[in-house]
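Structure record follows, encoded as structure tokens.
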Number of protein chains: 2
Amino acid sequence: MYEQLKLDNQLCFPFYAVSRLITRAYQADLDALGITYPQYLVLMILWENNNVTVNDVADKLILNTNTVTPLLKRMEVLGLLTRKQSKTDQRKVIISLTTKGNELQHEAAQIPIRLMQKLNIEPNENQLADFLKLKNQLNSLIDLLKNNA
Amino acid sequence: MYEQLKLDNQLCFPFYAVSRLITRAYQADLDALGITYPQYLVLMILWENNNVTVNDVADKLILNTNTVTPLLKRMEVLGLLTRKQSKTDQRKVIISLTTKGNELQHEAAQIPIRLMQKLNIEPNENQLADFLKLKNQLNSLIDLLKNNA
DNA sequence: TACTTTTGTATCGCAAACGATATAAATACA
DNA sequence: TGTATTTATATCGTTTGCGATACAAAAGTA
């Protein structure tokens with residue numbers, strides 16, 4: 001038995017599991033808004049920065065455009081955003097929030113708060129410090145994986 | 001602008017990103033073996049513990065059986081494993097490695113080593129300690145999410 | 001024993017995620 | 001100016017992931 005092939009010795013597997021479990025944890029609240037987890041991420045980008053290109057969305061989410069294009073098309077059908085060809089560069093497609101997409105952020109603002117409650121996480125100083133440390137570790141890992149893989 | 005809705009303030013997003021980037025990092029090596037990342041995880045389970053049920057696989061990978069059943073069927077077509085109805089309980093399907101599936105572990109044993117090299121991670125004492133600490137944090141998070149979501 | 005509930009697996013449909021590939025627009029350059 | 005290259009997005013096919021549902025076998029119970 002190779003030690004490095006045991007599931008319990010992997011670092012990759014818990015990341016894979018946590019990622020899916022987080023999506024599940026959001027599910028009920030997102031269902032209430034009629035959106036999926038990747039759609040929620042797209043909305044977060046647009047709420048912070050409206051009128052971006054398909055590539056902008058793909059870059060921020062570290063996804064390929066062939067994933068993002070159909071994702072945005074589904075969101076257009078849902079009436080959350082519009083897709084318009086740029087006039088200055090006709091290759092680009094500008095993604096803009098509709099009123100409906102924009103309004104959704106007020107309801108969505110409760111989601112992170114409710115998730116913390118559901119997980120019984122009280123944001124005291126110690127936990128916030130752990131939170132920040134973990135986030136920094138993850139971002140370092142993202143940089144490492146983006147540049148070397 | 002709600003602070004809790006900024007992509008940079010999320011802990012969920014880096015987990016989602018890391019998970020996909022890890023899969024990408026494995027891609028080249030797994031392509032050489034003709035398998036995918038979830039298939040690699042199934043093989044790790046079987047190499048450590050042959051003759052398990054569909055539910056056993058689903059439980060260990062924290063996946064639903066409706067994901068695992070087609071996954072195992074594809075692996076059966078690839079000649080990596082067999083699916084046989086249990087004689088003692090006809091509801092159960094026993095998953096067993098074929099010779100081909102079993103042999104694959106010798107090549108696969110190089111994969112975690114090559115990944116470390118690719119990411120320039122030298123397993124010195126400090127890094128091993130960080131590695132273990134992070135793994136424990138992730139496993140606590142998995143327990144939290146499994147029980148409260 | 002007869003009926004109900006639970007368990008284990010599978011099927012269906014839809015949304016991701018991505019490699020391979022296509023295509024038009026913009027840019028570089030000979 | 002004309003041609004090659006790059007850029008931005010889209011299309012297609014396959015695997016994954018999951019909710020809803022189905023169904024037979026096993027277990028529980030009246």
Side-chain angles (χ1 to χ4, degrees), chain A residues 13 16-28 30-42 52-78 80-95 149, chain B residues 13 16-28 30-42 52-78 80 83-95 149:
Chain A
F13 173 65
Y16 165 78
V18 165
S19 176
R20 284 182 297 99
L21 287 170
I22 288 176
T23 305
R24 287 188 200 174
Y26 276 104
Q27 186 97 32
L30 294 178
D31 277 354
L33 301 188
I35 58 175
T36 65
Y37 180 69
Q39 290 172 8
Y40 172 61
L41 295 179
V42 170
V52 297
T53 68
V54 175
N55 259 341
D56 289 337
V57 175
D59 285 346
K60 291 211 180 178
L61 298 184
I62 319 177
L63 287 167
N64 299 326
T65 59
N66 55 359
T67 298
V68 172
T69 293
L71 177 58
L72 293 173
K73 280 186 158 187
R74 284 187 292 269
M75 295 180 73
E76 188 184 31
V77 171
L78 290 173
L80 299 170
L81 49 80
T82 59
R83 298 161 60 248
K84 278 184 214 132
Q85 200 170 36
S86 164
K87 279 170 187 161
T88 53
D89 184 339
Q90 296 196 39
R91 291 170 305 180
K92 292 183 180 173
V93 170
I94 308 296
I95 308 299
Chain B
F13 173 65
Y16 165 79
V18 165
S19 176
R20 284 182 297 100
L21 286 169
I22 287 175
T23 306
R24 288 188 198 172
Y26 276 103
Q27 185 98 33
L30 294 177
D31 277 354
L33 301 188
I35 58 176
T36 65
Y37 180 68
Q39 290 172 5
Y40 173 61
L41 295 179
V42 170
V52 297
T53 68
V54 175
N55 260 340
D56 289 337
V57 175
D59 285 346
K60 293 211 180 180
L61 298 186
I62 319 177
L63 287 167
N64 299 327
T65 58
N66 53 0
T67 297
V68 172
T69 294
L71 176 59
L72 293 172
K73 280 185 158 187
R74 284 187 292 269
M75 295 179 74
E76 188 184 30
V77 172
L78 290 173
L80 298 171
R83 298 161 60 247
K84 276 184 216 136
Q85 199 170 39
S86 163
K87 278 171 188 162
T88 53
D89 184 340
Q90 295 196 41
R91 291 170 303 180
K92 293 184 180 173
V93 170
I94 308 296
I95 308 299

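So you know, we letter chains A, B, ... as the sequences are listed, proteins then strands, and number each from 1. Every value quoted in this text rests on a predicted model; they were computed, and no experiment measured them.
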(request) Between C/dA10, C/dA17, C/dT7, spot the one nearest the side chain of A/Pro38, thanks. (result) C/dA17

(message) Using heavy-atom distances to pick each residue's nearest nucleotide on DNA chain C, tell me which of B/Thr69 and A/Leu71 is more 5'.
(response) B/Thr69

(message) Between A/Asn64 and A/Thr88, which residue's closest nucleotide on DNA chain C lies nearer the 5′ terminus?
(response) A/Asn64

Shortest non-hydrogen contact between [X] and [Y], atoms and distance:
| X | Y | answer |
| --- | --- | --- |
| A/Arg24 | B/Ile62 | NH2-O, 2.9 Å |
| B/Tyr37 | A/Phe13 | OH-N, 3.7 Å |
| A/Arg83 | A/Glu76 | NH1-OE1, 3.1 Å |
| A/Leu78 | A/Gly34 | CD1-O, 4.1 Å |
| B/Met75 | B/Gln39 | CE-O, 3.4 Å |
| A/Tyr16 | B/Leu61 | CE2-O, 4.4 Å |

(message) When you compare the side chain of B/Ile94 with that of B/Val52, does any pair of heavy atoms fall below 4.5 Å?
(response) no

Would you kindly give the [atom1]-to-[atom2] distance between [X] and [N], to the nearest whole Å?
| X | N | atom1 | atom2 | result |
| --- | --- | --- | --- | --- |
| B/Leu72 | C/dT11 | CG | P | 12 Å |
| B/Gln27 | C/dA17 | CD | P | 15 Å |
| A/Ile35 | C/dA16 | CD1 | P | 10 Å |
| B/Asp89 | C/dT9 | CG | C1' | 11 Å |
| A/Gln39 | C/dA15 | CD | P | 8 Å |
| A/Gln85 | C/dA26 | CD | C1' | 12 Å |
| B/Gln90 | C/dG8 | CD | P | 15 Å |
| A/Tyr16 | C/dA17 | OH | P | 13 Å |

Under 4.0 Å, heavy atoms only, any strand: does [X] hit a base, just the sugar-phosphate, or nothing?
| X | result |
| --- | --- |
| A/Thr23 | nothing |
| B/Arg20 | sugar-phosphate |
| B/Asn66 | base |
| B/Thr36 | sugar-phosphate |

(request) Starting from the 5' end of DNA chain D, give me the residue, A/Asp31 or A/Ile94, whose nearest nucleotide shows up first. (result) A/Ile94

(message) Under a 3.5 Å distance rule, please check whether A/Thr67 uses its side chain to pair with a backbone N or O of A/Leu63 as donor and acceptor.
(response) no

(message) Is there a side-chain contact between B/Lys73 and the phosphate of C/dT11, meaning an N or O under 4.0 Å from OP1 or OP2?
(response) yes

(request) Return no unless some side-chain N or O of A/Arg91 is found under 4.0 Å from OP1 or OP2 of C/dT27. (result) no

(message) Taking the axis from the first five pairs and the axis from the last five, what angle separates them in the helix from C/dT1-D/dA30 to C/dA30-D/dT1, rounded to 10 degrees?
(response) 10°

(request) Could you tell me whether the side chains of B/Asp56 and B/Thr53 share a donor-acceptor contact shorter than 3.5 Å? (result) yes

(message) If we check side chain to side chain donor-acceptor pair (under 3.5 Å) with B/Asp89, which of these qualifies: B/Lys87, B/Gln85, B/Arg91?
(response) B/Arg91

(request) Give the first and the last nucleotide of DNA chain D, reading 5' to 3', that has any atom under 4.0 Å from a heavy atom of chain A. (result) D/dT7 to D/dC18

